[in-house]
Participant: 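What follows is a single structure, and I will ask about it in a moment.
Hydrogens, waters and symmetry mates are skipped; everything else that's a heavy atom, side chains included, is used. A note on names: the letters A, B, ... follow the listed sequences, proteins ahead of strands, and every chain is numbered from 1.
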Amino acid sequence: MTAVARLRGWIGGTPHWVTFVTLAAVLAVAAVTSAAVGQLGVGITDVIGALGRGIGVDNAWAPADEIVYQALWQIRFPRVAMSILVGTALALGGAAMQAIFGNPLAEPGVVGVSSGAALGAAAVIVTGASVGVVGTAGAAFAGGVATTVLVYAMARSQGRTEVVTLLLTGIAVQAFAAAGLAFAVFSSDTSAREQIIFWQLGSLNGARWAEVALVAGLTVAGLACLLMWARQYDLLALGERTAGHLGVRVERLRALSIIVIAVLTAGAVAFAGVIAFVGLIVPHLMRLLLGPSHRGLLVASALGGAVLLCLADIAARTLVTGADLPIGMLTSLIGGPFFFYLLRRARRSQGGWA
Amino acid sequence: MTAAYRAEGVTYRAPSGAALVDDVTLEAPAGHLLALLGPNGAGKSTLLSLMSGDLRASAGEVTLSGRGVREWPAAELARRRAVLTQANQMAFAFRVRDVVEMGRHPWRGLATEEADVHAVETAIDETDIRHLLERAFPSLSGGEKARVSLARVLAQETPVMLLDEPTAALDLRHQEEVMRMAREKARRGGAVVIVVHDLTLAAAYADSIAIMSRARLAAHGAPRDVLTPALVRDVYGIDVHIVDGPDGSPLVVPVRA
């Protein structure tokens, strides 16, 4: 019996809210821990106290040292918030992508959000058109959304979208984006080159409240849309024709969903760089725990993605003393083998995922 | 009799230009079980897709209750006609009960909870799938999947049902039960169009049968009038005996050397 199966047996039958509450509790602990760790040693109580004071509840735990308080609110908290939001957005994008194509292998990265965003960012870095971080992020966002919409539009034929065509179109467009990226790296000077490489590695370093607010707005709006469509996503599992027979306007739902997915994912990638596998792994794991019904799955994926990225960010800052490891590298390091495990497991239990 | 469904000179051309359905005029009145027969590739499924509104006719018109089938709003159409396709696919491991309940989607916000429960429970009993309810749909056998999909279609509680080969993967008993259920549905005022391959089965249950051959309607009428050795040879290219069965309905038996 695998660990996942045991976990499922344990949760089996309990209502979904047990999972939600557990995930939320884990997230709260992870978030506080994340804010406490780092070069400047801060106690857990200091974090909670600072949080309390920040929202207007004066308390004894609040750090006496103003520098600690400022460090938490100016540097640590926005970073933790960003990690939570980016994880949520990526996991939601993945869950929705898998839902609209009825395929557990679909992931926003597959249709080129990340490549498009990377190309957008690189273009701005090389031409020097960027005005600070927001310029790069804006270009990355635009690149990500544009690539996704382009891939989707090209994969459509006679008002229908075939999954395999979509994935193959994604591969073609990603190859094109990779060529553009290679040219950008080739033609740039050393510092720009370094900037492009590190942007792609992904980092939550230097997140600011204005950016957090922007990503929060996109994420909440995206979550609201996806939850509204959750029941129709369930019907899509029956295949597009049958979903249509049950009154779902399949292509309209897909087109709107693609826009939401592109905005969610590109928003996350724009500020955090390329962070792979979250959109693939988290919805999978949550489906194993809760079953395929999308209302529960979307909520759990949002929480699970937040937990995963929060933990990954802690690891990024603590694994090597004094270094801030690229978070995209970490998620891929964990995600790659885990995905392999999922594939093997699916193959054993249901004969694969064709 | 009011014509629930009416196809008037309907033609469908594939993008390649070949006519898959050629000038078919057909009625599926309320209270009537219509069996659609024909060799593989004759255009039965395409005709059903035209009737369900999936495909747009290249010429002619399909109307449901007097209105073009593709002019109905999607949700309203889903409360008037249910469709069982040949593909019983399911992307994720939904439980059988979830799948049957999906049939109630068009009634969301319109039907009472009791009506929903009643529709689902009745459909479960009519298709004999109560022992499968907690199973994951993808883990079922072909015949079990077909019955669960049929239950989903029944739970939709529409006056019109289009069933594409619902008996294909079923064992003898379940074949008969599905046909009986379809006839019962028609007796209660529904219009049922059912694609089957077994001529004897169609003749035993259907009020009328329509036989398609090479995209055209080859014959349409009461089973006894339509099924003749000459027609079967013409359409299927095989010689048959047509004899009276013990219950009076015709049996179609291939001539075996």
Participant: Report yes or no: is the cationic atom of A/Arg287 (NZ for Lys, CZ for Arg) closer than 6.0 Å to the six-membered ring centre of B/Phe92, at no more than 45° off its axis?
Facilitator: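 Geometry flag: set, cation within 6.0 Å and 45°.
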Participant: Show your working on side chain to side chain donor-acceptor pair (under 3.5 Å) between B/Gln86 and B/Ser45 and close with a plain yes or no.
Facilitator: CA-CA 9 Å; B/Gln86 283 185 46; B/Ser45 292; 3.1 Å; yes
Participant: Could you check whether the rings of A/Tyr233 and A/Trp229 sit parallel, tilted or perpendicular, using 30° and 60° as the cut-offs?
Facilitator: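 Geometry flag for A/Trp229 against A/Tyr233: perpendicular rings.
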Participant: Where along residues 101-129 of chain B does a heavy atom come under 4.5 Å of chain A, listed by residue number?
Facilitator: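 Hits under 4.5 Å: B/Met102, B/Gly103, B/His105, B/Pro106, B/Arg108.
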Participant: Mind ranking A/Thr242, A/Val248, A/Leu238 by heavy-atom pairs under 4.5 Å with chain B and telling me who comes out on top?
Facilitator: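 Answer, by heavy-atom pair count under 4.5 Å with chain B: A/Leu238.
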Participant: Counting heavy atoms not belonging to A/Arg295, are there more than 12 under 6.0 Å from its CZ?
Facilitator: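 Count not over threshold, so no.
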Participant: Please say which of A/Leu23, A/Ile281, A/Leu303, A/Leu298 ends up in a side-chain contact (heavy atoms from CB on, under 4.5 Å) with A/Met286.
Facilitator: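 Single side-chain contact (heavy atoms from CB on, under 4.5 Å) partner of A/Met286 among A/Leu23, A/Ile281, A/Leu303, A/Leu298: A/Leu23.
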Participant: Under 4.5 Å from any heavy atom of chain A, what part of B/Val99 do you find: side chain, backbone, both or neither?
Facilitator: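 Contact with chain A is through the side chain of B/Val99 alone.
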Participant: Say you draw a straight line from OG of A/Ser301 to CG of A/Leu92; how long is it, rounded to the nearest 0.5 Å?
Facilitator: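 It is 7.0 Å, given to the nearest 0.5 Å.
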Participant: Output yes when a side-chain donor or acceptor of A/Glu240 lies under 3.5 Å from a complementary backbone atom of A/Val250, and no otherwise.
Facilitator: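 Between the backbone of A/Val250 and the side chain of A/Glu240 there is no qualifying donor-acceptor contact (under 3.5 Å).
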Participant: What residue in A/Gly102, A/Gly247, A/Ala237 has the most heavy-atom pairs under 4.5 Å with chain B?
Facilitator: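 The candidate making the most pairs under 4.5 Å is A/Ala237.
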Participant: Rounded to the nearest 0.5 Å, how far apart are CG of B/Leu36 and CG of B/Leu217?
Facilitator: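 CG of B/Leu217 is found 8.0 Å from CG of B/Leu36.
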Participant: So what's closer than 4.5 Å to chain A heavy atoms on B/Arg152: side chain, backbone, both or neither?
Facilitator: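 The side chain, not the backbone.
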Participant: Just give me the residue among A/Gln232, A/Arg249, A/Arg231 that pairs up with chain B most often, heavy atom to heavy atom, under 4.5 Å.
Facilitator: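 The answer is A/Arg231.
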Participant: Give, as side chain, backbone, both or neither, the part of B/Asp98 having an atom under 4.5 angstrom from any heavy atom of chain A.
Facilitator: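 Contact with chain A: none, neither part.
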Participant: Under 30°, 30 to 60°, or over 60°: which ring-plane class applies to B/Phe94 and A/His294, parallel, tilted or perpendicular?
Facilitator: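 Tilted, since the angle between the ring planes falls between 30° and 60°.
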